[in-house]
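Below is one structure, written out as structure tokens; comments come after it.
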Amino acid sequence: MSPTESPLPVEAVPDAALLTVRGLRKSFGDHEVLKSIDLDVRRGEVVTLIGPSGSGKTTVLRCLNGLEVPDAGVAEFAGQLTVDFSTPMAKKQVYGLRDRSAMVFQHYNLFPHKTVLENVIEGPVQVQKRPKAEAVQEARDLLARVGLAGKENSYPFELSGGQQQRVGIVRALALRPQLLLFDEPTSALDPELVGEVLAVIKELAEEGWTMVVVTHELAFARQVADEVIFMDGGVVVERGHPDTVLRNPREERTRQFVDRLLNPF
Ligand SMILES: Nc1ncnc2c1ncn2[C@@H]1O[C@H](COP(=O)(O)OP(=O)(O)OP(=O)(O)O)[C@@H](O)[C@H]1O
């Protein structure tokens with residue numbers, strides 16, 4: 001299913017903004033984790049977030065998905081929804097963000113006691129109240145697309161990590177989101193399984209899905225990303241085309257981080 005088939009259609013307007021975020025701030029206690037983050041995501045664009053552990057990448061995704069309520073800032077889904085996080089209404093409005101985005105988690109976060117099919121249809125049927133037969137058919141089609149036909153009745157523990165993550169991706173797609181959020185989708189996988197998951201994400205990018213991907217896979221970022229954002233200490237240090245940020249960064253901090261990823265010893 002391409003994003004244009006979703007019930008919340010992504011219009012084929014090249015370079016049109018889908019999500020604009022300004023001044024995003026989030027503290028946990030007195031630890032200021034995000035210090036005024038700006039983000040522009042255009043329709044059909046792939047933005048990758050890179051940065052050291054603790055720099056705030058996951059927190060950005062969780063704020064975009066409405067799993068955390070930021071302390072300040074504004075998020076706007078073009079022409080549909082504006083959330084001003086500094087107002088009391090934001091606590092309710094973040095559900096609007098959750099309706100429009102879907103997250104793929106580092107550790108898959110599948111329900112262990114549910115089958116693959118049950119995991120995938122949970123959101124569409126229980127949350128979105130879509131007809132079960134339609135959700136089941138769509139889930140079967142999506143699972144087949146990522147090479148998981150025949151695994152519908154398996155339980156997560158019966159699958160490899162790569163297969164579980166592909167179920168995680170299908171579960172996100174089944175929500176028919178406008179924006180896909182990936183939080184280090186391959187970092188829990190054995191090295192030989194990383195490629196099979198990245199291939200699925202790359203295919204989705206080629207189909208025109210809009211996505212924000214937190215990843216340490218620089219080869220993926222180079223090939224697939226339209227923009228790379230390097231975060232450190234809760235701020236955006238540098239952003240730009242992958243050829244600049246990953247090959248010829250302007251900032252010394254970016255250069256050191258990329259060098260460490262390329263030469264860990
Ligand atoms: N719910 C929370 N309560 C308290 N502190 C939190 C919470 N969530 C995140 N943090 C802290 O916020 C900081 C940023 O965390 P975050 O997970 O966003 O970083 P990250 O860049 O994604 O790191 P990693 O690459 O290790 O996942 C860390 O210091 C983390 O301990």
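One-based numbering, in listed order, for ligands and for the atoms of each. The chain is numbered in sequence order, starting from 1.
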Original post:
In terms of side-chain geometry, is the basic nitrogen of Glu122 or Arg171 positioned less than 4.0 Å from the acidic oxygen of its partner?
Top reply: no
hydrophobic_cluster_shared for Phe220 and Leu262, side chain cutoff 4.5 Å | no
min-distance protein heavy atom vs atom 19 (O) of ligand 1 -> Gly56 N, 3.3 Å
Quick note on ligand 1: atoms under 4.0 Å from a heavy atom of Ser53 include exactly 23 (O), 24 (P), 25 (O), 26 (O)
Atom 21 (O) of ligand 1 sits nearest the protein heavy atom Lys57 NZ, 2.7 Å
**OP:** Can you confirm whether something in the protein, heavy atoms only, sits under 4.0 Å from atom 4 (C) of ligand 1?
**Re:** yes
Closest heavy-atom pair, Leu175 versus Gln128, reported as atoms and distance to 0.1 Å, is O-NE2, 3.0 Å
Any N or O on Gly54 sitting closer than 3.5 Å to an N or O of ligand 1? yes
### Message
For Thr115, is there any backbone N or O sitting under 3.5 Å from a side-chain donor or acceptor partner on Glu118?
### Response
yes
query: Hey, mind stepping through Lys35 and Glu32 against salt bridge (Lys or Arg N to Asp or Glu O under 4.0 Å) and telling me if it holds?
result: CA-CA 7 Å; Lys35 305 171 184 170; Glu32 195 178 19; 5.3 Å; no
Q) Can the positive tip of Lys26 be found less than 6.0 Å from the middle of the six-membered ring of Phe28, inside 45° of the ring normal? A) yes
Logged contact type for Met231 with ligand 1, heavy-atom cut-off 4.0 Å, is neither
heavy-atom search around atom 29 (O) of ligand 1 in the protein gives His31 CE1, 3.2 Å
Practice problem: Please indicate whether any nitrogen or oxygen in Thr58 is less than 3.5 Å from any nitrogen or oxygen in ligand 1. | Solution: yes
Ranked by distance from atom 16 (P) of ligand 1, the top protein heavy atom is Thr59 OG1, 3.7 Å
>> Looking at Asn119 and Phe111, would you say the former's side chain and the latter's main chain have a donor-acceptor pair under 3.5 Å?
In response: yes
Check: Does ligand 1 have any atom that is closer than 4.0 Å to a heavy atom of Ser55?
Finding: yes
Checking heavy atoms under 4.0 Å, the part of Val33 that sits near ligand 1 is side chain
Mind checking whether Gln106 has a heavy atom under 4.0 Å from ligand 1?
no
So, the side chain of Ser55 versus the backbone of Asp232: is there a donor-acceptor pair under 3.5 Å, distance only?
no
With the threshold set at under 4.0 angstrom, would you say Gly234 reaches ligand 1 through any of its heavy atoms? no
Minimal heavy-atom distance between Val194 and Glu217, with the atoms involved, is CG1-OE2, 3.8 Å
Q. Taking the non-hydrogen atoms of Glu184, is any one of them nearer than 4.0 angstrom to ligand 1?
A. yes
In terms of heavy-atom contacts, Phe230 and Pro52 come closest through CE1-CD, 3.7 Å
*Is the number of heavy atoms from other residues, nucleotides or ligands under 6.0 Å of Lys132 NZ greater than 12?*
no
In this structure, atom 6 (C) of ligand 1 is nearest to the protein heavy atom Phe28 CD1, 3.3 Å
Taking only non-hydrogen atoms of Pro52 and a 4.0 Å limit, the atoms of ligand 1 in range are 21 (O)
Is there a protein heavy atom less than 4.0 Å away from atom 8 (N) of ligand 1? yes
